[in-house]
Structure formats: C-alpha cells, structure tokens
Number of protein chains: 2
Amino acid sequence: MSRKGEQSREHILGAARELVMEKGFAGTAIDDILRRAGVSKGAFFHHFGSKAELARELVRWHAGQDIEMFRTLAARAEATHDDPYDQLLMFLQGFEAYISNPEQPSRGCMYAVYTYENAQFDEQVRGIVAEVLREWTAIYIRKFQEVLDVHPPRMEVSARQLAEMIVSIIEGALVLQRAYGKPDMTARQSRHFRDYLALLFDKPAQASAA
Amino acid sequence: MSRKGEQSREHILGAARELVMEKGFAGTAIDDILRRAGVSKGAFFHHFGSKAELARELVRWHAGQDIEMFRTLAARAEATHDDPYDQLLMFLQGFEAYISNPEQPSRGCMYAVYTYENAQFDEQVRGIVAEVLREWTAIYIRKFQEVLDVHPPRMEVSARQLAEMIVSIIEGALVLQRAYGKPDMTARQSRHFRDYLALLFDKPAQASAA
DNA sequence: CATTGAACGTACCAATCGGTCTGTTTCCGG
DNA sequence: CCGGAAACAGACCGATTGGTACGTTCAATG
C-alpha cells in the first residue's frame, strides 16, 4: 500500500536535498521544491506539515543514510582485517571511494548547511545535527582507542584528538571542494590523513590508490 | 567628511555580519538588519544599492580583515624567527590566540556560509570567496615550501598537501565548533596540526600553551 | 457497486520580502 | 547665511513566501 505516496515523498525529499545543497535551506522556496520534484503543493503539505517538518525529515534522512554507510564500511573493514589499524585504514579508503563517486551529487555536508543556518531551525533539528556529528566522532574515538591500545604512537596523542581531527578534515575539505570546485579534495585530504597515521604509528605506507 | 555616513555603513555591515552568521544570508531579511543596526530603510539603500551589493561588500570586508590578520601574524612571526618552520609554528599559535579571543563573536567562517548558499550569489561574489580561500592556501604553500626546502620531512609530502590540510582543518573545526558548541575546537585542532608538523619534521615538541 | 480515506491538484490568502518614492534633515564649502 | 549634496526617514508597492481550503482522483475494502 501507499506505494505511490511513498514515491512522492521520496521525490520531494530528493529535490529538497539537491536544492538545499545548492541554495541553502532558507534560500530554497517550497515552490522550488515542487517544481523540481514535479508534485503539487497539496502533495507537499500532505506529506509534510510544514517547511520546518521538512527540515527535520531531511536531516533525519541524511542521518539514516550516513549511519548505514558507516555501518557498511565498518563491517566490511572489520570482516577483512583483525588489526584495528588496518580496519581504520580500510574504512577510510572505503569512505574515499564513496565520497569520490561521481554519480553522488551530494557535494557537501548537509549538517554543515544546517549548522551555518543555525538560527533558522528549532531545538530538535539542532539536536539531531549535533547528535550525528557527535556520533561520528564517538565511532572514530572508539576505533582510535583500539588502535592506540595495540600500537604505541610515536608521540602522545589521544583518541579524541585524532577522531576530531579526521571529522574536521572531512568537513573542511567538503567546504573547500565546493568553494573552488576541486571534486577530489575530500578524498585527497582523507588520504593525507592516512599518511599522517602511517607516520604516527610507524607503519610502512602501504600502496594506496593514486 | 561623511563621518556619520561611514558610521551608519559600518553599523549596517556589522549587524549584517552577525545576522548572516546566525541565520545564513538568504535567511536574513533586510528588515532584520535595519532593526539590529538601528537605521532606516532609506539609510540602507543609500549605502547599498541592493541586498546583492551588501553580499559583495560583506565578503569584501571579511577578505580585508583576514588579509590584515594574515599579514600581521606573518610579519610578527618572520620578525621573531629566521627558520621558516619556527615562523610557521608562531603563525599558527598567533592564529589560535586570535580565533580563541572570546570577544570576537565571529564563531564561523563567512566564506563557508557563502559557499553553502552558493546559488544565491552572482559570479562576482563566488569569485571573491574562491579567491580568498585560494590565497590562504597559496600563502601556506609558499611557507611550507620554505620549510621543506630546509627541513627534510620524515615522509614524502608536498607543500600543497600540507597547506590544503591546515585550511581544511580550520574550516572543518569551525563547523564542529558551531555544531556542538565547543568554543575551543578550532584552536585545539590547529594545535594538533602543529603536533603533526613536529612529528613530520622530527622536531621536539616545544612548550605549547595548554 | 458504494464507501472511504489516502493522495493528491489548485485557487487562494495574509504576511513578509526586496526595493522604490517622496520628502526631510544634516552637513559643509563658498 | 545660503545652496546643494549627502544622509537619512518612512510610507508604500508588487512579487514572493509559507500555508490553507476545498474539491478531485483512485485504489482498496466490505
């Protein structure tokens, strides 16, 4: 049931995702979304009670997507390697492949969009954004702690520091990628971070995809 | 002459800067700016021909501020140290002090705001944003090249890679800082990058402000 | 085949938006 | 002290905005 209905909802969310990523949330009018999604105003307000609710559902959608990607990449890495360091490297390589995928029209981080339009949103939306970024960091912290427990680093460093660094790098690289149109910026930065890890944990730089 | 006029202009730009940083550019109505700046609509359109022109002037203002900061910090660093590595470290420490200044209500990067609302702006504005970020990167590239010319790194790395990395880290840290309200995130990330440099160039970690 | 509720489509609305127009005040050189 | 330009102030305007009202389609169910 509600096959058609779900489809419209998806179209609206898809169009909203594209447009918000192009023009920001406040800069995207509902009519813009209707035009791109090819649905009517009635359809929109049938599925979403208000623009604010769209904001919530949109950020929830992204949160779901990202969690799925994280889980998939992490599971694959953990199934392939025993050493947490190798797992981490493979995870990052997987992320680089994902973010470099040219079909993916994302080209930016939706949480950053929301963050920089902070005052537009209610406490709930802000909470979700903070939650997701915190969760990302937490996942990295756990993994880095595993690495640190096994491999002594060449200098004193905390799992939190490393985790926050990789998240910062990715977020920042996505900004630069957009700002001066270098589509491979994010993947390159992630690769450079892997090089840093190799140096930090005194591992030979293994063959990484050029 | 035009003392009062300049003052109004500054007030408008100041209010716009605050509001745009809170709600984004599209999310900030001209009337909002008028209210906060305490000026009338007539005053606004006397100084700025349109909202788009305000966008241009606002980004130009930031570009000017940032160039000044860069020049000041760089000059001080170069006056204090001869070694480009020491200069770079001092520059970064200066930046950390600047960005941690609690009186500074900036709390974010205006270029990131513009970048994530890309489609709102004309080619000129986008050009300025890309230009500034490129210039930042270029300055870092030159300095890192000087460092690399003198100090052999422990692994192969290009000046461009390092330059793009520090810019990414700062941009990303500013996002995280906002997203989950950690006012010291940016300075901490910069410090961690300095630790990375210490490792990379095999320098003893010198006493850094906790 | 009638009923019903989900899934629309569309005309419409009040509020807000960026921007204009028409004055008035303020300043400053001659 | 005068004249003109810069620097406002604020009423006003058409377009756009998020949102509503109300009618229609359609598929499933009894």
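If you're wondering where the values come from, they're calculated on a predicted model, not measured in any experiment. Below, chain A is the first sequence line, B the second, and so on; all start at residue 1.
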Exercise for review: Quickly work out the B/R9 CZ to D/dA6 C1' distance and round it to whole Å.
Suggested key: 14 Å
Check your understanding: More 5' along DNA chain D: A/F44 or B/G38, using each one's nearest nucleotide?
Key -> B/G38
Exercise for review: Nearest whole angstrom, please: distance from the C1' of D/dA6 to the CD of B/Q7.
Suggested key: 15 Å
Revision key, fill the gap. With sequence neighbours left out, the residues meeting salt bridge (Lys or Arg N to Asp or Glu O under 4.0 Å) with B/E135 are B/R142
Between side-chain atoms of residues 65-73 of chain B and protein atoms elsewhere (two or more places apart, or another chain), which donor-acceptor pairs fall under 3.5 Å?
{"from": "B/D66", "atom 1": "OD2", "to": "B/Y111", "atom 2": "OH", "distance (Å)": "2.7"}
{"from": "B/T72", "atom 1": "OG1", "to": "B/E68", "atom 2": "O", "distance (Å)": "2.8"}

Study note, to complete from the structure: Letter by letter from the 5' end, nucleotides 13-18 of chain D scores (B base, S sugar-phosphate only, - none; protein heavy atoms under 4.0 Å) ----SB
Point to revise | Atom-pair distance (CD1 on B/I12; C1' on C/dG19), nearest Å | key: 15 Å
List, with names and distances, any nitrogen or oxygen atoms from the protein found under 3.5 Å away from nitrogen or oxygen atoms belonging to nucleotides 23-25 of chain D.
none

Check your understanding: In terms of the nearest nucleotide of DNA chain C, which residue is placed more toward the 5' end: A/G42 or A/H46?
Key -> A/H46
Exercise for review: Go through the structure and list residues passing side chain to side chain donor-acceptor pair (under 3.5 Å) with A/Q124, not counting sequence neighbours.
Suggested key: A/R60
Practice item. Apply side-chain contact (heavy atoms from CB on, under 4.5 Å) to the pair A/R188 and A/K182, showing each step before the final yes or no. Key: CA-CA 10 Å; A/R188 258 168 51 214; A/K182 291 217 177 171; 4.1 Å; yes
Point to revise | Pairs meeting criterion salt bridge (Lys or Arg N to Asp or Glu O under 4.0 Å) with involvement of residues 116-133 of chain A, two or more places apart | key: A/R56-A/D122, A/E123-A/R126
Review point. What pairs with B/R76 under salt bridge (Lys or Arg N to Asp or Glu O under 4.0 Å), at least two apart in sequence or on another chain?
Key: none
Review point. Nearest-Å distance, CD (B/E53) to P (C/dG18)?
Key: 15 Å
Review point. Of the residues in residues 116-125 of chain B, which ones touch DNA chain C at a heavy-atom distance under 4.0 Å?
Key: none
**Study point:** All side chain to side chain donor-acceptor pair (under 3.5 Å) counterparts of B/K143, not counting sequence neighbours
**Key:** B/E78, B/Q87, B/E146
**Study point:** Worked verdict on A/I166 versus A/F144 for side-chain contact (heavy atoms from CB on, under 4.5 Å)
**Key:** CA-CA 11 Å; A/I166 180 59; A/F144 274 117; 4.2 Å; yes
Check your understanding: Can you list every pair that meets salt bridge (Lys or Arg N to Asp or Glu O under 4.0 Å) and has a residue in residues 24-34 of chain B, with sequence neighbours left out?
Key -> B/K23-B/D32, B/D31-B/K41, B/D32-B/R35
Review point. B/K23 has an atom NZ; how far is it from atom P of C/dT16, in whole Å?
Key: 12 Å
Review point. Among all residues two or more places apart in sequence or in another chain, which pass the side chain to side chain donor-acceptor pair (under 3.5 Å) test with A/D82?
Key: none
**Study point:** Any residue meeting side chain to side chain donor-acceptor pair (under 3.5 Å) with B/R36, in chain and number order, not counting sequence neighbours
**Key:** B/E18, B/E22
